[in-house]
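Every number for a ligand or one of its atoms is a count from 1 in the order of the listing.
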Amino acid sequence: MPITFDAQSRTFHLHNDQASYLLRVLENGTLGHLYYGGPLAQAGSYGRLSGREFLGFSNRLGEPVALEYPTAGIGDYRVPALVVEQPDGSTALDPRFVSHRVFAGKPAIPGLPSTYVQDYVEAETLEILLVDTPANLEVRLFFTIYSDRPVVTRSARLRNVGSAPLKVECAMSATLDLPDAEWELVHLSGAWARERHVRTRRLEVGSQAIGSLRGASGHQHNPFLLLKRASTTEESGEAYGLSLVYSGNFLAEAEVDPFETTRLRIGINPEGFSWSLESGAEFCTPEAILAYSEAGLGALSDAYHGLYRDRLARGVWRDAPRPIVINNWEATYFDFDEARLLEIATAAQGLGIEMFVLDDGWFGRRDNDNSSLGDWTADRAKLPSGIEGFGRQIEALGLRFGIWIEPEMVSQRSQLYADHADWAIGVPSRPHTEGRNQLVLDMSRHEVVDHLFGVLSDLLGRAPISYVKWDMNRNITEPFSPSLPAHRQGEFFHRYVLGLYELYERLTRAFPQVLFESCAGGGGRFDPGMLPFAPQAWTSDNTDAVERLRIQWGTSLCYPVSAMAAHVSAVPNHQTGRMTPLATRAAVAFFGVLGYELDPGALNDVERQEVADQIAYYKARRELFLHGRLVRLRSPFAGDGNETAWMTVSPDSRRAVVGHYRVLNRPNRGPSRLRLRGLDPRAPYRVSVWPVGEDPVSTANTGIRGGDELMRVGLLVASEDPVESRSVGDFTARLFDLEAQEAPRRRGRA
Ligand code: GLA
C-alpha cells in the first residue's frame, strides 16, 4: 500500500521505493507538511517531524510550521495557497481537517486535463477534506502517488456549502514547504525563437516568481520550476520539480522567509483572477506535478518524461510511431498553388517522408496574415478541388495529409468577423489591440466552442486529414466577455482555457485517429496541459540547428523528446541567417519528432541523397529517439556553450545513439573525450559513427567498445590531429550509434 495512515499521530505517508511524502493533521486540525524527499521507512510515526500545532505568527516567532495548503489572514505571512473573500468581505480563512479517504487509482479533474492511470493498481490517492466553518467552505485536497515514480500529483477542489456566494481570489494547485533555502532556482524562460532557455539563480530571501498573464502559458516562461543544490549535477544530488498541467495564466513562485525556509507554489496566476463560487458550486484547480530526485537532474527529468509521455499524453498517438512530415511553410509561405504543393509533396515522398502538412494560407483569401482566420474553407483559387480533393491527391502520392489551423483566432477581414464581430475578445468601449493583424475568439462562450467544433468536425469528417497543426499566434488583450456579469470578469481567462480544453476534448474524441500538434507562434504554449490532446508540439519557430540545441536542451528538463517536433530547414536559416551543414540540422532534429520544412525541389542531388539517408536512419531508430531515455551529457548552457551532447538509450540499455555538437571549431585544441552514461558496463557495444567518414575521430571510435570503457573513458570527440581540426569547420555534429553485441564479455562485475 503506497499510502499509510498512523492514526495516533494522524500522519499520512505516501511512499514507494523512490520517494516519501509525509503530512500530518496538527493538533488544532490544520494540515501540516512534514516531508517530501527520498524514501523513509514505513515503520513508526513521523509525527515528531512537526513539533507543534500551527499557532499563527509562526514565521514571526521563528520555527515556521510547514503547511500543506496555507491560507491568508491567520498569521502565516508567507504567500498563501488559498484566498477566499467571504460574504462580509473578509478573507481570513482557517480550514481544519474533517476526514480523509484513501483509494486505488486516480480521479480525473472535471473540465481539466490531468495525469491518469491505466490500471487502478498503478497509483493510490489520498483525499483530505478540510472545512472552514465560518466561511462554509469545503476544501478537498488530492494527493496521488504512483507505485513506481518519484512524483506526487496534487490538486484542490473548493465547494461552497453555504447559501451566500464566495469569491475565490487565489487557489493554487500546490504549495511545498521546504526546511531550508540552500537552493538554486532553475526555470525555463525566453521569448519567441528562443524559448525555454535554462535560467539558474540562487534563492534569496524574498519572493522570486515567473508566470504568465497572456492567456497562454507563453514563450516567456514555462509553467515549471525546479530547485537544485549548488552541487547537483545531471547525475547526482537533490532536486525538486514543480510542473503545472495548465495552458493559461500561471504563477510559479519560490519564497524564502527570514528564517531561511522555502515555500514553493504553483497554480493559476491570482493576478486578474477571481471566481464566484455560488451556493453548492465547486471549483477545481489544475493539477500540479511534484517530482523529487536524489540522483540529479537526469533522474528528475526521467520522472517527468515517463509520466508525461505515458500517463499524460493519451490516445493512439501516444505510443504510435509519429510520421515524418514535410511542412510547406518555409518553402512557400503564403505563395503557393496546387501544382507547387504537389511538386513539393512528390519530391518529399521520394525521399521517404510520410506526411504532407499544408501550413497557413490555404483557406479564405489568405495571401498574407491580414485576413481570413475564421473562414476554414479552402481558397479555390489556390486549391481548385478544395481541401478534400487536394488531400486525396496527396494520399494518391502515398503520403498522409495534414493541415494547419488557428481555430481560436479571427481576422477582421473575414466572413466570421462580419457575422460575429462580438465573438472577438475586447472591451466594447475600447479599441481592440491587434496582434499579427488578428483578434482572439472568446473561447469562454459556449456558442463559440460549439461553432468551432461544428466547423472543424465538418472539415475533419469531409477531408482525408490525419494530422492537425493547431496554432495560436497572439496573446489576449482587453480581456472581457460580454457573456459574463461584471462580478465574474475575473473568471474570463480561466474560462477561456476551459473552453479551449473542451473544444480539444470534443475533437480528439470525435477524431481519435487524427494526430494533433500544438503550436503558438512556435513554442508559446508548450505546456503539460496540451499533451493529453496534442502529444507533440511545435517546439519553436527557430529551426536553426545551433539555436535548437539550447531550446531542446531546456525543454528536455521537463518534457519528453516525443513532445518536441523538430524540423530540418533550409539555409541560410530563416530565423538567424546561419549556414549550418545539412547533417548537423538533422542530427539535432533527430532528438525530436523529425520533420522537414524546406523545398526538397531546391536540393541538389547530393543533398537529396543525404536527406533520404537521414530519413532512413531516423526510421530505423524512431522508437529509440522517441521513447528511449534521454541522457543529457554536455550542456549548451555550461561554460562557453560551445559543445552540446546528449544520448538516447533503450530501456534495456542495448541500443543508444549519442549526439555530439560543436558550434565553433577551435584550432589546435587537443583530444577530447565524452563519457557516456546509462549503458550496461558489462556489454560490448558495436560503435558506428554518423555521418560515415574516414576522419580520425570516426576511425578512433568505430568498432567494439565495452560499456565500461564508453562510460569511464568515453568516446573521442576531438582528435589531437591538427589536420582533422583544420578540416572540420564550424557547426559540426556527429552521432554515435551503439548496439550491444550478443556475447557478453566474460569478466568480473564492473
Ligand atoms: C506560426 C507558426 C509557424 C507557421 C506560421 C503560419 O508562426 O509557429 O510554424 O505555422 O504561424 O502563419
Check your understanding: Is a donor on one side and an acceptor on the other found under 3.5 Å between the side chain of Lys469 and the backbone of Asn327?
Key -> no
Check your understanding: Does the Glu597 side chain pair with the main chain of Trp329, one donor and one acceptor, at a distance under 3.5 Å?
Key -> no
Practice item. Return yes if some donor-acceptor pair links the side-chain N/O of Asp527 with the main-chain N/O of Met530 below 3.5 Å, else return no. Key: yes
Identify the protein atoms, limited to N or O, that lie within less than 3.5 Å of an N or O atom of ligand 1, and list each pair with its distance to 0.1 Å.
| residue | atom | partner | partner atom | Å |
| --- | --- | --- | --- | --- |
| ligand 1 | 7 (O) | Asn473 | OD1 | 3.3 |
| ligand 1 | 7 (O) | Asp541 | OD2 | 3.1 |
| ligand 1 | 8 (O) | Gly522 | N | 2.8 |
| ligand 1 | 8 (O) | Asp541 | OD1 | 2.5 |
| ligand 1 | 8 (O) | Asp541 | OD2 | 3.2 |
| ligand 1 | 9 (O) | Lys469 | NZ | 2.7 |
| ligand 1 | 9 (O) | Trp538 | NE1 | 3.4 |
| ligand 1 | 9 (O) | Asp541 | OD1 | 3.3 |
| ligand 1 | 10 (O) | Asp359 | OD1 | 2.6 |
| ligand 1 | 10 (O) | Asp359 | OD2 | 3.3 |
| ligand 1 | 10 (O) | Trp404 | NE1 | 3.0 |
| ligand 1 | 10 (O) | Lys469 | NZ | 3.0 |
| ligand 1 | 11 (O) | Asp471 | OD2 | 2.9 |
| ligand 1 | 11 (O) | Asn473 | ND2 | 3.2 |
| ligand 1 | 12 (O) | Asp360 | OD2 | 2.6 |
| ligand 1 | 12 (O) | Arg436 | NH1 | 3.0 |
| ligand 1 | 12 (O) | Arg436 | NH2 | 2.8 |

Check your understanding: Glu478 side chain to Thr433 main-chain N or O, any donor-acceptor pair under 3.5 Å?
Key -> yes
With a cut-off of 3.5 Å and sequence neighbours excluded, list every side-chain donor-acceptor pair involving residues 610-618.
| residue | atom | partner | partner atom | Å |
| --- | --- | --- | --- | --- |
| Asp613 | OD1 | Gln609 | NE2 | 2.9 |
| Gln614 | OE1 | Tyr596 | OH | 2.6 |
| Gln614 | NE2 | Leu582 | O | 3.4 |
| Tyr617 | OH | Asp737 | OD1 | 2.9 |
| Tyr618 | OH | Gly592 | O | 2.7 |
| Tyr618 | OH | Leu594 | N | 3.3 |

Check your understanding: Between Arg214 and Phe493, is any pair of side-chain heavy atoms under 4.5 Å apart?
Key -> no
